[in-house]
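This report refers to the structure that appears directly beneath it.
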Amino acid sequence: MTSLIPDEGAIVTPGDMTSLIPDEGAIVTSGDMTSLIPEGDMTSLIPDEGAVVTPGDMTSLIPDEGAVVTPGDMTSLIPEGDMTSLIPDEGAVVTPGDMTSLIPNEGTNETPSLVPSNSLSTATVCVGDDGQTLAKTEEMINGLIKKRPHLSRFERLSKNRSAACLTVPDQTPMERFNKRHLSVTQLCEQSWCEIKVIYGFLQPHVKRREMKKSAVITGSSIHLARELEANPDAVTFVVQTREDREALKLMKLTQMVSGLKAGQLVREFPVFGVLEGVFFLGVVDELYHNESGELVLKELKTRSHNSLPHPAQSKGHFLQVGLYKLLFDSMVQGSMTRLNLLQYLKLQPHQAFGSELQIYAQKLGLPAVTFGELVDHFLNVLNFCNLQAVNKLTLEYIHQRSGSLVGSIEVEFNEAQLRAELRGYLAFWRGQREPQGVDVENIEEAWKCSMCPYEESCDWRTSKLQEVIVDGNKKTRFDGFKSGSSNSKCYQLEVPQLEVGQD
Ligand code: SF4
């Protein structure tokens, strides 16, 4: 099937691909194509009319010699436009050699004209414009890559999705990325750069790679060690349903509410609830009563550098602890309802626990065997616990290598200001405004891009830099900023490291 690989530099348009789609139900016994056809919904890979697909995009679609592909597997790859002329006859047999006519010539975008009537050929790959389906397809492709290592070239396809639109008409980011609720750390990431949040959905493999960096793993280990320190008898379960997973959290939470009430320090305390009409989830690092009887909410942050973070980074941390307080306070003040919990998280109240979890619930003396019963019990505990609202918000920065304390910051809480800020962030998710990226002309902001994994492919940054080049005044300012910052020791020292999200 190597004949299907276009020459390097050739351009293939979506229209070129229309001829390759067999009739639904036809049987095609071409050579090795199975491995090329991903399972599931591939519609997001259909190029927009007029989009350009380069040969490089296609090499990963070449099947191994000997693989079998059925027409049904390929219908989802049909590009827009007229494709009827190239559909093979019922029962036609196609050999790899039949495909050679589809190879575009070097440097051309001409449509291959000779597709035999009894042939089936391969498919194209391109950039879709729907982030939600792209994200799903990305997951699916990664699954395929794991199962079939020879498909590793698929990874290149997802890189090309950087060209996908940052916004789509008539679809809010909540709808586009299939979000029923948000996590607190997601909002903190948003406070850093909204474009980066979007790329996180469009190119999840890049985000996953970031999360595997040693600084992040070390941060996670420190959090885990602290959690185990507070809860040495932690048990592990294999859960089979979403309800089981959430039930386990509620059981843990029920115990922590009692512990906190009894004056104990609790770690990794889940918080959730509705803020400004959106359901939020989060996990508070630490809650305890200090000597004055105040309830302290502490968030642990690890640092690669032995210095406090840049203000741009602290901004996200302040937002995080403020939102945790809003969520915790509303929980203990009885704002949480059964309906909220079940509806926003789409959980089934009649779902019985798995056998292991049932035994565990009995051991804890919980009067519940279904998720709904546990929710009722949990809400009872919460409503009658008489826990006070959080009095103090603290951020604690720990040096990763030495484990020593870099510093602590007490965060002021201003509810009106925080809620106004929150509404501003939610306006993005509700599609009420355009997403905002980094201000590349601002010395306090621009450095963020230099540590961003999407820097090279970021459309926002490219267009902003182009504006700078076109506008002479901006360029003079920008050049001044660049030469000034390159010599700035302070700037280099304050470049923050990636932090660990705990939600
Ligand atoms: Fe945001 Fe800059 Fe990254 Fe683009 S390159 S996503 S603007 S941080």
Side-chain angles (χ1 to χ4, degrees), residues 127-132 134-135 138 158-168 172-173 176-177 179 182-183 185-213 215-216 304-305 309-320 421 424-429 431 433-471 474-475 477-479 481-482 484-486 488 491-492 494-501:
V127 179
D129 65 352
D130 176 344
Q132 183 184 327
L134 277 177
E138 176 71 33
S158 47
K159 281 184 195 154
N160 289 338
R161 287 177 204 150
S162 59
C165 297
L166 290 171
T167 57
V168 292
T172 70
R176 184 186 184 194
F177 301 124
K179 303 295 291 176
L182 295 174
S183 74
T185 48
Q186 207 147 37
L187 235 68
C188 301
E189 285 170 17
Q190 185 186 352
S191 73
W192 185 258
C193 173
E194 288 177 348
I195 304 296
K196 192 177 175 192
V197 170
I198 294 174
Y199 280 133
F201 285 110
L202 298 179
Q203 300 178 43
H205 66 283
V206 177
K207 192 169 177 178
R208 275 198 294 277
R209 214 175 290 144
E210 282 288 289
M211 295 307 286
K212 284 181 190 157
K213 283 189 174 170
V216 183
S304 304
H305 289 225
H310 186 279
Q313 204 175 23
S314 309
K315 184 182 164 196
H317 301 163
F318 296 169
L319 176 68
Q320 187 176 9
E421 202 181 333
Y425 289 124
L426 292 179
F428 155 74
W429 289 102
R433 64 169 173 81
E434 292 293 309
Q436 293 297 309
V438 163
D439 179 0
V440 298
E441 294 170 57
N442 182 348
I443 189 170
E444 292 297 323
E445 287 263 308
W447 54 268
K448 289 180 181 176
C449 297
S450 66
M451 50 192 297
C452 173
Y454 308 106
E455 183 186 13
E456 280 179 25
S457 57
C458 177
D459 290 342
W460 167 278
R461 185 170 180 274
T462 307
S463 72
K464 292 293 165 190
L465 287 177
Q466 269 164 2
E467 279 174 27
V468 169
I469 291 163
V470 170
D471 185 328
K474 282 186 178 178
K475 186 168 184 328
R477 277 204 312 275
F478 187 72
D479 289 345
F481 141 60
K482 273 204 304 184
S485 66
S486 61
S488 166
Y491 166 75
Q492 289 187 357
E494 289 196 4
V495 170
Q497 301 302 301
L498 193 67
E499 297 291 349
V500 185

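In listed order, ligands and their atoms are each counted from 1. Index from 1, following the sequence.
For the side-chain hydrogen bond (donor to acceptor under 3.5 Å, both in side chains) test, residues two or more places apart in sequence or in another chain that qualify with Trp429 are Gln190. Scored by the side-chain hydrogen bond (donor to acceptor under 3.5 Å, both in side chains) test, Glu455 finds Arg461 as partners (sequence neighbours excluded). Partners of Glu445 according to the side-chain hydrogen bond (donor to acceptor under 3.5 Å, both in side chains) rule, which considers only residues two or more places apart in sequence or in another chain, are Lys448.
Across all their heavy atoms, Pro435 and Phe428 have their closest contact at CB-CE1, 3.6 Å. Here the closest heavy-atom approach between residue Val438 and residue Trp460 is recorded as O-NE1, 2.9 Å.
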Practice problem: May I have the step-by-step check of salt bridge (charged side-chain N to carboxylate O under 4.0 Å, His left out) for Arg433 and Glu194, ending in yes or no? | Solution: CA-CA 11 Å; Arg433 64 169 173 81; Glu194 288 177 348; 2.6 Å; yes
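Legend: protein N/O/S atoms lying under 2.8 Å from atom 4 (Fe) of ligand 1, waters omitted, number 1.
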